[in-house]
Amino acid sequence: MPNPIFGNYHGYYTKRPSLRDPRIALLPPTFFTGKTVLDVGCNEGWVTCEIAHTWGAHRVVGVDIDDTLVRAAWKRRRTLWSLQPPPPPHHVDRSPSPKRVRLDADAEPEQHLVADYFPISCPHSHGPLPIPAPTSNSDHRDVFPHNVTFQTTDWVTEDTTRDEPVYDVVIAFSITKWVHLHHGDQGLTTLFQRAHRVLKPGGALIVEPQAWETYGKARRMDPRLRENARHLQLRPHEFPALLEKLGFGPPKHLGTAGEGGFHRPVDLYVKK
């Protein structure tokens with residue numbers, strides 16, 4: 001496998017495993033409810049799917065430069081769909097039969113209703129469950145899995161002429177270093193400028209900046225990155241001033257998340 005010179009690590013979430021991403025956990029529980037979200041550099045789509053599935057988002061779009069990762073993100077969507085429990089039954093007589101009463105005499109109330117609907121061993125052995133087509137009811141398009149999609153694109157360099165303020169939240173987790181090394185100071189500025197354009201007024205940009213000290217290992221991956229790094233003037237501690245200049249308010253430091261080399265700050269900027 002070639003060097004992940006774009007930060008496009010395969011198996012990234014095996015290195016920072018969690019049922020709930022600790023960076024997202026820094027936000028209020030209702031932060032994404034009803035929101036339209038763009039996840040730039042979505043990798044294998046774990047965060048994208050979590051926001052769509054667990055946090056009540058209206059619509060979530062994940063973009064990544066690596067098509068293999070995007071295909072894995074679509075697979076993650078289907079796997080997560082397979083693992084969710086069935087909806088609670090409606091209009092069903094839950095009165096247990098005499099036989100059920102005898103069998104469950106020592107059980108906790110309602111224990112017989114709890115089951116492993118589709119244990120994780122099943123997708124491994126048989127593949128994930130098929131996703132049903134959305135119904136004509138538009139409400140169904142706003143719930144998982146129909147509220148999440150993925151695209152393969154270099155979001156920094158793709159055509160921006162159709163940019164409109166359609167997102168409530170833009171997420172930029174673990175990508176600033178890679179954009180910076182590939183596209184220079186101007187490329188990083190372009191990333192933030194474009195985030196500002198596609199956000200609605202009052203929308204939020206969430207950034208997990210990577211420390212300058214981590215650039216050293218990354219630039220050794222490829223001669224182009226090493227050469228590009230020689231010309232960088234902007235430093236991560238200067239991002240708040242740059243973002244304010246581009247039309248964002250001062251950062252709200254949400255805290256730090258992750259362990260080891262992944263222990264990084266997470267900052268939120270609001271579009272003025």
Side-chain angles (χ1 to χ4, degrees), residues 3-13 15-16 21-24 26-27 37-51 60-70 72-73 76 150-158 160 163 167 169-199 203-219 221-222 224-225 228-229 232 234-240 242-243 246 248 251 254 256-258 261-269:
N3 272 342
I5 61 172
F6 297 98
N8 52 325
Y9 290 97
H10 293 236
Y12 179 77
Y13 287 99
K15 299 177 181 178
R16 53 188 312 171
D21 194 282
R23 297 166 295 185
I24 297 297
L26 295 172
L27 293 157
V37 183
L38 175 66
D39 184 9
V40 182
C42 66
N43 196 270
E44 294 173 337
W46 284 53
V47 167
T48 324
C49 286
E50 180 183 337
I51 293 170
V60 190
V61 178
V63 299
D64 199 279
I65 197 171
D66 188 322
D67 187 59
T68 300
L69 292 177
V70 170
R76 173 65 182 170
F150 297 96
Q151 301 172 13
T152 303
T153 185
D154 183 347
W155 195 71
V156 177
T157 62
E158 73 169 2
T160 63
D163 278 354
Y167 293 103
V169 183
V170 173
I171 296 175
F173 282 162
S174 300
I175 64 168
T176 54
K177 172 174 64 180
W178 304 104
V179 172
H180 207 182
L181 283 170
H182 277 277
H183 302 294
D185 293 342
Q186 183 54 52
L188 192 65
T189 302
T190 298
L191 169 70
F192 294 149
Q193 285 175 326
R194 190 170 190 202
H196 188 272
R197 283 200 302 271
V198 302
L199 279 169
L205 170 64
I206 305 173
V207 181
E208 179 194 16
Q210 291 135 302
W212 177 253
E213 293 74 21
T214 67
Y215 282 55
K217 181 180 178 181
R219 66 190 181 193
M221 288 183 177
D222 187 270
R224 292 169 294 176
L225 301 187
N228 291 347
L232 300 181
L234 188 63
R235 297 293 184 266
H237 73 270
E238 298 174 301
F239 291 177
L242 172 61
L243 283 158
L246 296 176
F248 289 95
L254 300 177
T256 56
F262 297 108
H263 188 69
R264 301 176 187 143
V266 178
D267 300 325
L268 183 150
Y269 297 85

At what distance, to the nearest 0.5 angstrom, does [atom1] of [X] lie from [atom2] of [Y]?
X: L246; Y: T189; atom1: CG; atom2: OG1; value: 6.5 Å
X: L268; Y: I171; atom1: CG; atom2: CD1; value: 10.0 Å
X: H180; Y: W212; atom1: NE2; atom2: CH2; value: 6.5 Å
X: R197; Y: D163; atom1: CZ; atom2: CG; value: 5.0 Å
X: C42; Y: L69; atom1: SG; atom2: CG; value: 8.0 Å

Discussion item. Does this structure show an ion pair linking E158 with R194, if we count only N-O contacts that are shorter than 4.0 Å?
Written reply: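 Yes, E158 and R194 are salt-bridged.
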Worksheet item: Under 3.5 Å, is there a donor-acceptor pair between the side chain of E208 and the main chain of R23?
Response: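 No, E208 side chain to R23 backbone: no donor-acceptor pair under 3.5 Å.
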Discussion item. Any side-chain to backbone donor/acceptor pair from D185 onto L234? Under 3.5 Å, distance only.
Written reply: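 Yes, D185 side chain to L234 backbone: donor-acceptor pair under 3.5 Å.
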Name all residues meeting the side chain to side chain contact (heavy atoms under 4.5 Å, CB included) criterion together with [X]; count only those two or more places apart in sequence or in a different chain, and write none if there are none.
X: F6; value: N8, I65, H182
X: T176; value: L188, F192, V207, P209, Q210, F239
X: A218; value: K177, W178, L181
X: A73; value: F150

Report yes if the side chains of [X] and [Y] come closer than 4.5 Å at any heavy-atom pair, otherwise no.
X: H10; Y: T68; result: yes
X: L243; Y: D267; result: no
X: Y215; Y: L225; result: no
X: V40; Y: V179; result: no
X: D39; Y: I51; result: no

Fill in: Test side-chain hydrogen bond (donor to acceptor under 3.5 Å, both in side chains) applied to D64 - qualifying residues, sequence neighbours left out
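Per chain and number, D64 pairs via side-chain hydrogen bond (donor to acceptor under 3.5 Å, both in side chains) with no residue.
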Worksheet entry | Any residue meeting salt bridge (Lys or Arg N to Asp or Glu O under 4.0 Å) with R219, in chain and number order, not counting sequence neighbours |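 Listed in chain order: nothing, the list is empty.
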Practice prompt. For atom CZ of R224, decide whether the heavy atoms of other residues, nucleotides or ligands shown that lie under 6.0 angstrom number more than 12.
Written response: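 No - once you tally the heavy atoms of other residues, nucleotides and ligands closer than 6.0 Å, there are 12 at most.
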Practice prompt. Please determine, by modelled atom types, if R76 and T48 share a side-chain donor-acceptor pair under 3.5 angstrom.
Written response: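 No, no side-chain donor-acceptor contact under 3.5 Å.
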Fill in: Smallest separation among heavy atoms of L205 and A195, with atom names
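Taking L205 first and A195 second, the nearest heavy atoms are CD1-CB, 4.0 Å.
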Discussion item. If you compare all heavy atoms of L26 against all heavy atoms of A257, which two are closest, and at what distance to 0.1 Å?
Written reply: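 Taking every non-hydrogen atom into account, CD1-CB, 4.1 Å.
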Practice prompt. Scan F248, Y269, Y167 and name whichever one has a ring pair (Phe, Tyr, Trp, His ring centres under 6.0 Å) with H196.
Written response: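 With H196 as partner, F248, Y269, Y167 yield a single ring pair (Phe, Tyr, Trp, His ring centres under 6.0 Å), made by F248.
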